[in-house]
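The residues of the chain are indexed from 1 along the displayed sequence.
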Amino acid sequence: MSQINKMNKCLAISTMTSIFICLVGFSNPSAAQESSLPAQTYSGFALELHIGTGTMYFLDDDIPVFSSLQGGFFLGHKIDRVTYGLGFDIWRNSYTRKSEFDDRKSSMISFLLVPGVRVAIVRSDDERVELIGQVDVGIGTSIYKQKDEDEEYEEYENDYKYFNFTYAVGPGLRYWVHPQFAIGVVAGLRGELLKVSNTESDYSRLTHLMSIFGLAQFTGVF
């Protein structure tokens, strides 16, 4: 009799367990379907937001190193491993030059249109983690300001015009937390040709800059 009771108890527990699993499956069908979703969206409209920082060097003279902040967005189209499009970036570069006479603080804010491409070079087996390569080329203009230790801006700086041509390349890592959303980081080298001109004095100068940059990226594909 005791063995029969044990068998009945085991049967009852097994039946209740099966019913519970069925109820969970019906009440949360998305959980049952989650495993069948792809790791990422392979084609669609892509939106990327990014923010980062860097260190900039002047190659043509002895001007001190700039520190830079960058933010912007990138709109494009994703086709499997390749995403191409056009971005808009804002950079802010600043430095302080110290001398025995005074301290001068300078800042430059750049506005750039940036065509670019991102390519997934290597993917993990589950296709959630990617090693990517990124190439960007940009054109734009800058606003330059300089002030002395008394916080007074020098007015003559407003007479100058600035033209920027930039290029950037670097590797990165991207992780798809959802089929339509990924987070990533990119680090690399950026070059810039900066042309400074003044039409009133016929002054013109071309300066080459290089920088090491790092970006955090947030990408959505729809």
Side-chain angles (χ1 to χ4, degrees), residues 30 34-35 37-57 65-95 107-143 162-194 208-222:
S30 61
E34 185 175 354
S35 60
L37 292 177
Q40 57 179 275
T41 301
Y42 296 101
S43 179
F45 169 77
L47 169 63
E48 173 195 299
L49 305 178
H50 50 258
I51 187 170
T53 186
T55 303
M56 184 172 290
Y57 304 86
V65 174
F66 273 84
S67 61
S68 63
L69 292 175
Q70 175 186 350
F73 62 87
F74 180 84
L75 301 175
H77 187 71
K78 181 178 184 294
I79 303 176
D80 196 9
R81 292 177 179 266
V82 179
T83 304
Y84 60 90
L86 177 67
F88 176 76
D89 283 353
I90 299 177
W91 299 356
R92 185 185 187 278
N93 304 313
S94 62
Y95 78 94
S107 66
M108 181 180 293
I109 301 177
S110 302
F111 305 90
L112 301 166
L113 290 176
V114 188
V117 62
R118 292 94 170 91
V119 180
I121 302 171
V122 179
R123 283 175 172 166
S124 62
D125 291 339
D126 61 2
E127 298 189 340
R128 290 188 179 276
V129 182
E130 296 175 320
L131 172 65
I132 66 172
Q134 176 172 317
V135 178
D136 290 330
V137 178
I139 57 172
T141 187
S142 296
I143 299 173
Y162 299 85
F163 174 79
N164 306 72
F165 174 80
T166 68
Y167 54 93
V169 60
L173 289 175
R174 184 165 59 194
Y175 177 71
W176 292 89
V177 297
H178 182 273
Q180 292 181 295
F181 181 72
I183 57 176
V185 292
V186 174
L189 295 175
R190 177 189 292 119
E192 179 178 359
L193 293 175
L194 175 63
H208 190 197
L209 306 92
M210 288 296 295
S211 64
I212 301 171
F213 72 92
L215 293 174
Q217 297 177 332
F218 308 90
T219 305
V221 180
F222 309 96

- Query: How many angstroms lie between OG in Ser211 and CZ in Arg190, if you round to the nearest 0.5 Å?
  - Reply: 4.5 Å
- Does atom CD1 of Ile51 have more than 12 heavy-atom neighbours from other groups under 6.0 Å away? no
- Check whether any side-chain heavy atom of Leu75 sits under 4.5 Å from a side-chain heavy atom of Leu47, and report yes or no. yes
- Item | Beyond-backbone contact of Leu189 with Tyr167, side-chain heavy atoms, under 4.5 angstrom | no
- Residue among Asn93, Asn164, Thr166 satisfying side-chain hydrogen bond (donor to acceptor under 3.5 Å, both in side chains) with Glu192: Asn164
- Item | Enclosure of Asp125 CG (heavy-atom neighbours >12, cutoff 6.0 Å) | no
- Query: Are side-chain heavy atoms of Gln70 and Asp89 found at a separation under 4.5 Å?
  - Reply: yes
- Message: Are Leu193 and Phe163 packed together at the side-chain level, in the sense that at least one heavy-atom pair is separated by less than 4.5 angstrom?
- Response: no
- Message: Could you check whether any side-chain heavy atom of Arg128 comes within less than 4.5 Å of a side-chain heavy atom of Arg123, counting everything from C-beta outward?
- Response: no
- Message: How long is the straight-line distance from CD1 of Ile212 back to OG of Ser68, given to the nearest 0.5 Å?
- Response: 10.5 Å
- Query: Quick one: does NZ or CZ of Arg118 land under 6.0 Å from the six-membered ring centre of Phe74, within 45 degrees of the ring axis?
  - Reply: yes
- Task: May I ask you to test the Ile90-Arg92 pair for a side-chain heavy-atom distance under 4.5 Å?
- Result: no
- Side-chain contact, heavy-atom cut-off 4.5 Å: Val137 with Val114? no
- Should the pair Phe88 and Phe73 be assigned to parallel (<30°), tilted (30 to 60°) or perpendicular (>60°) ring geometry? tilted
- Calculate, to the nearest 0.5 Å, the distance between atoms CG and CG belonging to Leu209 and Leu194 respectively. 6.0 Å
- Query: Using a distance-only test with no angle check, is there a side-chain donor-acceptor pair under 3.5 angstrom linking Ser124 and Asp126?
  - Reply: yes
- Pro38 side chain reached by Glu127 side chain, heavy atoms, under 4.5 Å: no
For residues 169-181, please give each side-chain donor-acceptor pair under 3.5 Å, one per line with the distance, not counting sequence neighbours.
from, atom 1, to, atom 2, distance (Å)
Arg174, NE, Glu130, OE1, 2.9
Arg174, NH2, Glu130, OE1, 2.9
Trp176, NE1, Glu130, OE1, 3.1
His178, ND1, Gln180, N, 3.0
Gln180, NE2, Val221, O, 3.4

